[in-house]
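Hydrogens, waters and symmetry mates are skipped; everything else that's a heavy atom, side chains included, is used. The shown structure was predicted, so the numbers you read here are calculated from the model rather than taken from an experiment. Order of the sequence lines fixes the chain letters, A, B, ..., with proteins taken first and strands second; residue numbering starts at 1 for each chain.
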There are 2 protein chains.
Amino acid sequence: MKDAGGGVSTLRDSLAAAMAGGELSERHCEILEAAAGLFAERGYAATSVRDIGEKVGLLGGSLYHYIKSKEALFVRIHDMALQVAGDRIATAMAGKTDPWERLEAACVTMLEIQLDPHSLTMPLMNDFASAPPEIRERLVAKRDAFEAIFRELIPGLPLDPALDRGVYRLLLLTLLNNVSSWYRQGGMSPEDIGRQIVRIFRHDVKEKEGVERVSPAR
Amino acid sequence: MKDAGGGVSTLRDSLAAAMAGGELSERHCEILEAAAGLFAERGYAATSVRDIGEKVGLLGGSLYHYIKSKEALFVRIHDMALQVAGDRIATAMAGKTDPWERLEAACVTMLEIQLDPHSLTMPLMNDFASAPPEIRERLVAKRDAFEAIFRELIPGLPLDPALDRGVYRLLLLTLLNNVSSWYRQGGMSPEDIGRQIVRIFRHDVKEKEGVERVSPAR
DNA sequence: AATCCTGTATCAAACGATTGTTACATTTGG
DNA sequence: CCAAATGTAACAATCGTTTGATACAGGATT
């Protein structure tokens with residue numbers, strides 16, 4: 001797999017790195033990871049601190065020597081997940097120049113992250129609903145920053161002008177964020193699904209006849 | 001009596017009809033409607049019975065002369081919303097024969113339902129996560145039945161064979177179900193968005209030249 | 001070597017708040 | 001005056017969180 005420079009490719013990797021750097025104890029890692037899984041699985045409101053504790057073999061109250069609050073824990077996980085995802089997508093796109101290829105790389109990578117059962121991270125990108133309004137603000141802001149990747153990617157596409165680029169971007173992101181709701185292992189691979197999505201979303205501008213155009217790769 | 005040809009078009013209408021039919025008291029209606037709004041807004045786990053009571057001007061406990069339990073309330077709302085949506089989409093498609101037109105009618109109608117601030121209904125179609133596992137089963141089953149509309153619609157499309165019809169359907173439904181997460185009033189209309197979606201998803205099979213093709217035998 | 005000290009990690013138990021729910025009393029309208 | 005509608009008040013459970021005690025490690029002191 002791609003291991004570019006710093007090579008952080010999953011939440012777990014990121015946690016391991018932070019651990020090696022001495023910023024995080026092993027237990028701290030376990031807790032973040034367990035919490036990430038539960039939040040992703042059942043949502044913020046439906047996940048109790050005691051649930052998280054049980055998953056790492058601690059009492060609920062014992063977690064508070066590692067976390068400041070449940071909210072802070074959630075926010076932290078969310079931030080880390082976005083960071084990891086952003087980095088990984090960026091490195092996946094690096095090198096590619098063809099706009100559609102770049103888009104495909106971004107989509108496939110995003111799906112690989114979200115659908116990897118071991119990375120248990122990003123499904124919480126859509127859990128804003130059950131989170132307290134105060135932290136929701138923060139989450140939305142961070143996610144918007146993350147989505148800047150796509151905001152920069154899409155203007156470069158030779159897209160059929162009949163399509164509104166604004167909704168186009170929103171629809172694509174909506175899709176990438178929610179495939180996790182029906183994806184089951186054993187069927188199509190994240191890569192296959194990503195390619196299908198790009199195939200659906202690929203509508204090249206119609207080339208006018210008589211206009212020379214060096215067509216990119218294909 | 002619900003006449004499929006005539007006019008149940010929102011959850012509120014459906015409630016009004018049930019009220020007129022004597023099946024539901026007015027208060028009962030208010031409660032269902034308020035609950036629908038809150039469930040849609042914050043999810044199942046993050047909505048308390050007292051919240052619902054407050055919205056209709058009652059104490060939490062007082063609701064229990066109208067509902068059996070919070071779970072039953074949720075299931076009921078979910079079922080009604082699906083019923084209403086199914087009926088409305090069916091009537092919107094009635095009459096149309098062209099496959100793409102039928103698809104567009106279904107998509108636009110689905111979005112109109114989900115994005116209508118007065119119908120406050122269907123966003124809970126994706127709130128399975130925070131609902132107790134027992135009722136989740138039931139919800140999934142009902143939703144699958146609802147989605148049969150699309151399962152029947154898509155085989156009729158003259159679709160580019162490079163696209164897998166299975167994921168195609170899933171992706172389309174994912175989109176329709178989640179536009180509500182970013183839709184804000186004042187921008188594009190639900191109809192506009194629906195049309196954009198169909199435009200993106202429209203990939204006709206390439207007709208081979210010289211091959212006569214009559215309407216698909218079936 | 002035995003003792004003390006300090007800090008971390010964990011548990012046990014409880015706090016007050018909130019949850020879904022119920023039993024009973026009270027109001028209200030016909 | 002009765003029945004439906006609503007309030008009052010509490011139940012046990014669970015929530016996030018805090019407190020205080022306990023166990024155990026290593027380093028410093030005696």
Side-chain angles (χ1 to χ4, degrees), chain A residues 15 18-19 22-36 38-39 41-78 124 127 129-136 138-139, chain B residues 15 18-19 22-36 38-39 41-78 124 127 129-136 138-139:
Chain A
L15 290 171
M19 225 182 83
E23 317 160 30
L24 252 45
S25 76
E26 189 175 352
R27 254 291 147 72
H28 207 142
C29 266
E30 285 185 62
I31 291 169
L32 286 170
E33 195 168 341
L38 291 176
F39 284 143
E41 200 177 306
R42 334 212 261 241
Y44 178 81
T47 299
S48 78
V49 175
R50 287 174 178 85
D51 289 338
I52 301 169
E54 190 182 9
K55 194 164 178 177
V56 297
L58 290 181
L59 267 342
S62 302
L63 297 185
Y64 282 80
H65 268 209
Y66 300 93
I67 70 176
K68 198 196 100 210
S69 69
K70 184 190 176 188
E71 290 194 5
L73 175 62
F74 185 70
V75 169
R76 170 129 201 224
I77 289 171
H78 191 269
L124 39 84
D127 191 22
S130 71
E134 179 217 335
I135 93 176
R136 185 155 51 219
R138 189 160 149 55
L139 303 186
Chain B
L15 291 171
M19 226 182 81
E23 317 159 32
L24 251 44
S25 77
E26 187 175 355
R27 254 292 146 74
H28 207 141
C29 268
E30 285 184 62
I31 293 169
L32 286 170
E33 196 168 340
L38 291 176
F39 284 144
E41 201 176 304
R42 332 211 263 243
Y44 178 81
T47 300
S48 78
V49 176
R50 286 173 178 84
D51 288 339
I52 301 170
E54 189 182 10
K55 193 165 179 176
V56 297
L58 290 181
L59 269 338
S62 301
L63 296 184
Y64 282 79
H65 269 211
Y66 300 93
I67 70 175
K68 197 195 100 210
S69 70
K70 185 192 175 187
E71 289 194 6
L73 175 62
F74 184 69
V75 170
R76 171 133 201 220
I77 289 171
H78 191 269
L124 37 85
D127 189 24
S130 71
E134 178 217 335
I135 93 177
R136 185 154 53 218
R138 191 160 147 53
L139 302 186

Who are the side chain to side chain contact (heavy atoms under 4.5 Å, CB included) partners of A:Leu59, not counting sequence neighbours? A:Ser62
Indicate yes or no for a side-chain donor-acceptor contact from B:Lys70 to the backbone of B:Tyr44 under 3.5 Å, with no hydrogens or angles considered. yes
B:Ser48: partners by side chain to side chain donor-acceptor pair (under 3.5 Å), with sequence neighbours left out: B:Asp51
Is there a donor-acceptor contact under 3.5 Å from the side chain of B:Arg27 to the main chain of B:Val56? yes
Within less than 4.0 Å of OP1 or OP2 of C:dT10, is there a side-chain N or O belonging to A:Tyr66? yes
Considering every strand and a 4.0 Å limit on heavy-atom distances, what is the contact class for A:Gly57: base, sugar-phosphate, or nothing? sugar-phosphate
Judged by atom type as modelled, is there a donor-acceptor pair below 3.5 Å linking the side chain of A:Arg42 to the main-chain atoms of A:Thr47? no
Of all residues at least two apart in sequence or in a different chain, which pass the side chain to side chain donor-acceptor pair (under 3.5 Å) check with B:Arg138? B:Asp79
Once you round to the nearest 0.5 Å, how far does CG of B:Leu63 lie from CG of B:Leu73? 8.0 Å
What is the distance from CZ of B:Arg42 to C1' of C:dT19, rounded to the nearest Å? 14 Å
What is the distance, rounded to the nearest whole Å, between atom CZ of B:Phe74 and atom P of C:dT21? 14 Å
Residues from residues 43-51 of chain A lying under 4.0 Å of DNA chain D - heavy atoms: A:Thr47, A:Ser48, A:Val49, A:Arg50
Quick one: A:Tyr64 OH to C:dC15 C1', roughly how many Å, whole number? 13 Å
Base, sugar-phosphate, or nothing: which does B:Leu59 touch, judged by heavy atoms less than 4.0 Å apart? base
Protein and nucleotides 25-30 of chain C: nitrogen or oxygen contacts under 3.5 angstrom:
none

What is the separation between atom CG on B:Leu63 and atom C1' on C:dT19, rounded to the nearest whole Å? 14 Å
Before giving the answer on side-chain contact (heavy atoms from CB on, under 4.5 Å), spell out for A:Leu32 and A:Tyr66 the whole-Å C-alpha distance, their side-chain angles and the decisive distance to 0.1 Å. CA-CA 10 Å; A:Leu32 286 170; A:Tyr66 300 93; over 6 Å; no
Interface limits on DNA chain D, where chain A has a heavy atom under 4.0 Å of a nucleotide atom: D:dC15 to D:dT18
Identify the heavy atoms of A:Ala131 and A:Arg136 that sit nearest to each other, and give their distance. O-NH1, 3.2 Å
Taking atom P of C:dT22 as reference, at what distance in whole Å does atom NZ of B:Lys70 sit? 14 Å
Mark yes or no for whether B:Arg50, through its side chain, and B:Gly60, through its backbone, hold a donor-acceptor pair below 3.5 Å. no
Taking CG from B:Leu73 and C1' from C:dG20, how many angstroms apart are they, rounded to a whole number? 12 Å
Is there side-chain contact between B:Phe74 and B:Leu139, with at least one heavy-atom pair below 4.5 Å? yes
